[in-house]
Amino acid sequence: MHTLLRFGYPSLSVRCQLDSASSEGKQLTVGSPIVVIEAPPTLKTATPMPSLKINSGLVKEGDVGRIIARKPKDVWAVRLAIGAYLLDGKYFKPLDISE
């Protein structure tokens, strides 16, 4: 899909393209199951007044949870067995039920 935007300047145009290859990989939505692939060094709680703490073995590789909210910059609120935390997308992947 291509979209061509033209602004008031005759020599300025912007072409936007949806890259379907990059959006196929992981399609996360609220309620999606995830598995932690790398333990984050610090944890931020997903509460109205969040707190930051050192991950001293609370969240480990292989822990399973569910997405509860989407935050800016590839940060996700995830409900794990020990509570709800904000995790960067690089620390988990969608859980494939066939695994």
Worksheet item: If two hydrophobic side chains count as joined below 4.5 Å and joins carry through other members, does I82 share a cluster with Y91?
Response: no

Worksheet item: L87, L58: one ILVMFWY side-chain cluster at the under-4.5 Å cut-off?
Response: yes

Please tabulate, for side-chain N and O atoms in residues 35-46, each donor-acceptor pair with protein atoms closer than 3.5 Å (sequence neighbours left out).
residue: T45; atom: OG1; partner: T47; partner atom: OG1; Å: 3.3
residue: T45; atom: OG1; partner: S51; partner atom: N; Å: 2.9

What donor-acceptor contacts under 3.5 angstrom involve side-chain atoms of residues 60-72, with partners at least two apart or in another chain?
residue: K60; atom: NZ; partner: G57; partner atom: O; Å: 3.3
residue: D63; atom: OD2; partner: K60; partner atom: N; Å: 2.9
residue: R66; atom: NH1; partner: G31; partner atom: O; Å: 2.5

Fill in: In one Ile/Leu/Val/Met/Phe/Trp/Tyr side-chain cluster, 4.5 Å: L80, L28
yes

